[in-house]
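Heads up: the structure comes next, in structure tokens.
In this chain, numbering begins with 1 at the start of the sequence shown. Keep in mind the model is a prediction, meaning the values are calculated, not measured. In each ligand, atom 1 is the first atom listed, and ligand 1 is the first ligand listed. Any value given below was found using the heavy atoms of this structure, including those in side chains, with hydrogens, waters and symmetry copies removed.
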Amino acid sequence: MERVTTATFRELKARGEPIVMVSAYDYLTAKFSDEAGVDSILVGDSLAGNVLGYANTLPVTMEEMLHHTRAVARGARRALVVGDMPFMSYQASVEEAVRNAGRFVKEAGAQAVKVEGGSGVHDKIEAIVKAGIPVMGHLGLTPQWIYQLGGYKVQGRSASAARQLVREARLLEELGVFSLVLECVPWRVAKRITRSLQIPVIGCGAGPYCDGQVLVLHDLIGLTEKTPKFVKRYAEVGQIIKESLRRYRDEVKKREFPTLAHSYGTKRKKRTQQV
Ligand code: KIV
């Protein structure tokens, strides 16, 4: 089984075959995703809310991201593992950006990193790429910029905002990113960007005309309670977990569980036959 690489991403775009990506955070869900044939696993900083209980993605640290990236890397044998660079791991200086990107690859087993933003962080992206680390760009709704964006809103809706997005996407391609996530962008704008770039564009709430799609695994299997309009929930695993726990609780309270069928017996000594 060959590992998906950044070259595979380019080949898939050239063939017109959609790239399938999920955001996942641990060994077991990475293994399930890999076995299901998902092409790439992003260890997204959405880990902050979905696993660690933070109010948004800003507090999650490098150490927390590396810890979860290691677990995902152990579970993913085929899928390309992308580590999401957390807030303030790359914004302050080029040197810090390169060093932290390097930690994802060297210490956690990622094969690429994702960085939010365009012209505002162009020097950092360029330096990481020059250090030999593949970078996935991320434009549109970039949750690390939430206070500047003024909320979780669709981006690029007006003609001028759409033109700006197209410019930023082209800049990222010039800087050498191997692919680009577009989050919460009108489908027409995403289609235009997808057609105008050589690199694959991965949509996340950006309509059906992108080269690939990424969803958060917790959203698509129904672990999270509220999901945005663009998410399709393929299962309601959260309900199954809650119902199982309720039944377990009730059965223990009523002494219906465990029965002897779930219990161990002692070893019986065999009687030696007297001759
Ligand atoms: O953090 C994340 O999971 C992401 C995806 C939604 C693209 O950035």
Side-chain angles (χ1 to χ4, degrees), residues 9 18-26 29-30 33 38-62 64-69 71-72 76 79-91 100-101 104 108 110 112-118 121 125 134-146 149 152-156 165 169 172 177-185 190 193-194 199-207 210-221 223-224 226-234:
F9 263 50
I19 297 163
V20 184
M21 191 166 184
V22 288
S23 190
Y25 321 108
D26 62 44
T29 56
S33 306
V38 164
D39 297 309
S40 177
I41 303 174
L42 168 70
V43 188
D45 63 354
S46 51
L47 161 77
N50 292 337
V51 175
L52 303 177
Y54 293 128
N56 56 41
T57 60
L58 303 186
V60 73
T61 65
M62 267 302 290
E64 287 164 338
M65 290 302 301
L66 291 175
H67 177 75
H68 285 268
T69 305
V72 166
L80 178 85
V81 176
V82 183
D84 205 0
M85 295 196 66
F87 181 59
M88 276 303 136
S89 67
Y90 58 95
Q91 287 90 340
N100 283 325
F104 274 101
V113 296
K114 179 169 80 57
V115 175
E116 290 186 13
V121 286
I125 291 175
V135 176
M136 174 175 275
H138 184 163
L139 294 174
L141 174 55
T142 44
Q144 290 176 24
W145 304 70
I146 201 65
L149 296 175
Y152 296 93
K153 300 174 189 158
V154 178
Q155 302 294 306
L165 259 183
L172 286 183
V177 305
F178 76 95
S179 66
L180 170 65
V181 169
L182 281 183
E183 182 169 348
C184 285
V185 169
I193 294 174
T194 304
I199 55 167
V201 173
I202 314 293
C204 181
C210 298
D211 300 306
Q213 298 293 329
V214 57
L215 283 181
V216 169
L217 182 116
H218 280 46
D219 289 340
L220 80 91
I221 64 170
L223 270 178
T224 37
K226 263 179 38 192
T227 43
K229 167 189 163 115
F230 65 80
V231 171
K232 180 168 176 185
R233 291 167 78 102
Y234 287 84

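Using modelled atom types, one side-chain atom of S40 and one backbone atom of L80 make a donor-acceptor pair closer than 3.5 Å. T224 contributes no side-chain N or O that, together with a main-chain N or O of T227, makes up a donor-acceptor pair within less than 3.5 Å. Between the side chain of D39 and the backbone N or O of V20, at least one donor-acceptor pair lies under 3.5 Å. N100 places a side-chain N or O within 3.5 Å of a backbone atom of S89 that can act as its donor or acceptor partner.
Of the protein's heavy atoms, S46 OG, 3.2 Å lies nearest to atom 2 (C) of ligand 1. Nearest to atom 8 (O) of ligand 1 among the protein's heavy atoms is K114 NZ, 3.2 Å. Summary of contacts: the protein heavy atom closest to atom 6 (C) of ligand 1 is C204 SG, 3.8 Å. Considering only non-hydrogen protein atoms, atom 4 (C) of ligand 1 sits nearest to L42 CD2, 3.6 Å.
Of all atoms in ligand 1, listed by their number and element, those nearer than 4.0 Å to a heavy atom of D84 are 1 (O), 8 (O). Within ligand 1, the atoms closer than 4.0 Å to a non-hydrogen atom of S23 are 2 (C), 3 (O), numbered from 1 in the order shown. Distances below 4.0 Å separate heavy atoms of G44 from the following atoms of ligand 1: 1 (O), 2 (C), 3 (O). Which parts of ligand 1 touch H138 is read off a 4.0 Å heavy-atom cut-off, strictly below it: atoms 8 (O).
Remark: ligand 1 and E183 share no N or O pair separated by less than 3.5 Å (distance only, no angle test). Geometrically, ligand 1 and D45 share a nitrogen or oxygen pair separated by less than 3.5 Å.
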Using distance only, find each side-chain donor-acceptor pair of residues 43-53 under 3.5 Å and give its atom names and separation, not counting sequence neighbours.
from	atom 1	to	atom 2	distance (Å)
D45	OD2	Q144	NE2	2.7
S46	OG	Y25	OH	2.7
N50	ND2	Y25	OH	2.9

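For the pair P18 and Q213, the minimum side-chain heavy-atom distance is 4.5 Å or more.
Contact annotation for L215 and ligand 1: no heavy atom of the residue comes within less than 4.0 Å of the ligand. With a 4.0 Å heavy-atom cut-off, ligand 1 is reached by no atom of T57.
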side-chain contact (heavy atoms from CB on, under 4.5 Å) assessment of L66 paired with F104: CA-CA 6 Å; L66 291 175; F104 274 101; 4.0 Å; yes
Y90 and V135: CA distance, side-chain angles, deciding distance, side-chain contact (heavy atoms from CB on, under 4.5 Å) verdict: CA-CA 12 Å; Y90 58 95; V135 176; over 6 Å; no
